[in-house]
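Let me give you the structure first, and then I'll get to my questions.
Quick caveat, the model's predicted, so the values are computed rather than measured. Indexing begins at 1, ligand by ligand and atom by atom, following the structure's order.
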Amino acid sequence: MSEIKKTAAIHDMSGFGRCSLTVIIPVLSAMSVQVCPVPTAVLATHTGGFGAVTMQDLTGFMPRCLEKYRSLEIGFDAVYSGFLATEAQIDHCLDFFRCYSDSLKVVDPVMGDHGRVYSTYTPEMCKRMGELARAADVITPNLTEAAILLGEDYAAELPLDTARDWITRLLKFVENVVITGVKLEEDGEIICLCANNGGIWRIDCDYVPQNYPGTGDIFAAVLTGGLLKGDTLQKAASRAAGFTEAAVKATFERGTPARNGVIFEEKLHLLTSDSVIRKTTFIG
Ligand code: PXL
């Protein structure tokens with residue numbers, strides 16, 4: 001009997017706006033990975049651009065969920081965490097990682113974007129996100145989150161050497177690091193950087209003059225699916241960058257409001273082949 005790969009997905013469920021579980025489940029399902037959601041909170045919408053946040057915290061549910069899975073001896077090939085609603089949820093994620101120590105542990109250290117921290121994240125949660133990152137096998141910060149993890153000031157653009165320094169320092173936290181959405185000071189290019197003990201690679205992405213919520217969730221979900229399918233880190237990151245870019249471009253062409261998120265639904269078929277994989281360049 002051979003099952004398909006499965007991941008526990010510790011994220012929120014936001015009803016409208018295409019982020020977290022509402023994108024992670026379809027993306028990973030399209031990659032033939034079973035998603036077992038462990039919801040951290042339910043929200044009517046994501047937190048970006050819909051006014052006061054309507055959210056139901058599910059912190060108390062997380063340990064019960066873990067206990068149930070353990071009592072049923074349900075195993076996971078990966079445990080993947082993202083948006084957390086309270087500081088205590090960091091401890092619950094650490095408990096999941098301890099219980100599933102043989103699983104691939106992916107932490108998307110969701111905290112903010114474009115230099116701003118999400119409204120529901122407290123300074124204490126941001127401070128402790130480093131602990132969670134250190135318990136992971138792979139982390140996928142954007143530039144804002146990388147700055148927070150390193151205690152650096154956010155900069156909208158970075159020289160390539162600084163970006164290389166940041167990712168090298170993050171390798172002291174965890175074996176595999178992917179930094180998304182790095183805008184280079186030299187030429188304004190948008191790149192994604194990934195690194196492990198084999199080196200550092202850059203993946204160049206086409207610039208789209210609009211930011212959409214949920215792109216980090218799409219990226220990290222595709223990356224996780226790729227790794228579970230046996231991609232190398234750089235191949236999985238390039239698959240994730242290529243798919244995210246295709247969906248973002250298609251969304252921009254439609255001109256829909258940014259807060260509605262990325263129209264990825266019509267692009268899911270791209271996840272069943274290698275067509276979105278882009279060139280990766282070894283840079284050290
Ligand atoms: O995409 C990250 C994310 C996840 N979950 C919620 C969010 C956001 C970003 O705005 O608001 C609820």
*Atoms of ligand 1, numbered as shown, that sit under 4.0 Å from any heavy atom of Thr47*: 7 (C), 10 (O), 11 (O)

*Just jot down the ligand 1 atoms closer than 4.0 angstrom to any heavy atom of Ser14, in number order.*
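Result: 12 (C).
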
*Which atoms from ligand 1 have a heavy atom of Gly214 less than 4.0 Å away?*
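Contacts of ligand 1 toward Gly214, numbered from 1: 1 (O).
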
_If we set the cut-off at 4.0 Å for heavy atoms, which region of Leu43 has an atom near ligand 1: side chain, backbone, both, or neither?_
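Answer for Leu43: side chain.
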
*Compute the centroid of each ring, for Phe243 and then for Phe219, and state whether the two points are separated by less than 6.0 Å.*
no

*Proximal atoms of ligand 1 relative to Cys19 (non-hydrogen, under 4.0 Å)*: 1 (O), 4 (C), 5 (N), 6 (C)

*Could you check which of Asp217, Ile218, Thr215 puts a non-hydrogen atom nearest to atom 1 (O) of ligand 1?*
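Nearest heavy atom to atom 1 (O) of ligand 1 lies in Asp217.
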
*Ionic contact status for Glu253 with Lys249, cut-off 4.0 Å*: no

*What about Phe96 and His92, are their ring centers closer than 6.0 Å?*
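No, the ring centres sit 6.0 Å or more apart.
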
*Just checking, Lys105 and Phe76: is the charged tip under 6.0 Å from the six-membered ring centre and within 45° of the axis?*
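Judged by the rule, Lys105 and Phe76 form no cation-pi pair.
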
*asked:* Check contact between Ser20 and ligand 1, using heavy atoms of the residue and a distance below 4.0 angstrom.
replied: yes

*asked:* Taking distance alone, with N or O pairs closer than 3.5 Å, would you say Asp12 contacts ligand 1?
replied: yes

